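Here's the structure, in structure tokens; my notes come after.
Since we're looking at a predicted model, the values are computed, not measured. Whatever order the structure lists them in is the order used to number ligands and atoms, beginning at 1.
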Amino acid sequence: MAVTLQHYSFLLLSFSWMLMIIGRPRIVAGYFQPSQWTPANATFYGDESASATMGGACGYGNLFINGYGKDTAALSSTLFNNGYACGTCYQIQCVQSSACYSNVPYTTVTATNICPPNWAEDSNNGGWCNPPRSHFDMSKPAFMKIAQWEAGIVPVMYRRVPCERSGGLRFSFQGNGYWLLVYVMNVGGGGDIGNMWVKGSGTGWISMSHNWGASYQAFATLSGQSLSFKAISYTTQETIIAWNVAPTNWGAGLTYSSDVNFS
Ligand SMILES: *[C@@H]1O[C@H](CO)[C@@H](O)[C@H](O)[C@H]1NC(C)=O
């Protein structure tokens, strides 16, 4: 190997120093700019069908239907941020391993799950997702884009990037006429949601609380009313209003699409 660890650390240091001058992740007029490249490690879970990635801790359910596809990852709790990182997007580059595909600069994944700590294993040997480690447990198809899967684990560099989505925010409903639980999906821009409100056709804006993953809830009587949502991006603080997303006969188990999204 021509590049020793010392060289590499030096390069990293110089690189970080450069970035301090150029600037940290910037938010220009609500538009989210990529963060700096940061070291982590990556493994994969499931098989090539990515079916094991469905029903992850963000609550997106079927990722193919809900706009996130096969290129997804489970984040260690350090990165998962209690679910606020659900929907965020990362470019991941394989580095410093002979298993890396050197002709592939990076691949892009969406966070759809948590990789929980495994305290029975040492952090350097199986307990990859134990705090404070930054770790991506990628879908196998995503991992296979950057490295030979037989390697099992590879060092990576990653950076947060804006999420590119087609179409508007989608709102998937659970609950009943007195308790509404909404999963927000297909989120563009920062990809994350920091605050939500719901407005029935007969109410004012009602603040929703973060439940788990990418879900928000309101304890309010909303049956028989058409529903609008106001959402604030966790990262950019941009506000979006999706008017009359759900009709008066809305129901749990259904998903409603809007025609607005974050940039
Ligand atoms: C990646 O894994 C190796 C081996 O466990 C470890 O030494 C290194 O610190 C890890 N890198 C990061 C950024 O956690």
Distance dump, ligand 1 polar atoms to protein, N/O, under 3.5 Å:
from     : atom 1 : to   : atom 2 : distance (Å)
ligand 1 : 2 (O)  : N41  : OD1    : 3.2
ligand 1 : 2 (O)  : N41  : ND2    : 2.4
ligand 1 : 2 (O)  : R133 : NH2    : 3.1
ligand 1 : 5 (O)  : N124 : OD1    : 2.9
ligand 1 : 5 (O)  : R133 : NH1    : 3.3
ligand 1 : 11 (N) : N41  : ND2    : 2.9

For residues 151-158, please give each side-chain donor-acceptor pair under 3.5 Å, one per line with the distance, not counting sequence neighbours.
none

Non-neighbouring partners of S258 that pass side chain to side chain contact (heavy atoms under 4.5 Å, CB included), sequence neighbours left out:
L169, F171, A242, V245, V260

If you link I, L, V, M, F, W and Y whenever their side-chain heavy atoms are under 4.5 Å apart, who else ends up in the same group as W197?
W205, I232, I241, W243

A side-chain contact here means heavy atoms from C-beta on lying under 4.5 Å apart; do S77 and I114 qualify?
yes

Taking atom CZ of F64 as the centre, report whether more than 12 heavy atoms of other residues, nucleotides or ligands fall under 6.0 Å from it.
yes

W250 and Y256: aromatic ring centres closer than 6.0 Å?
no

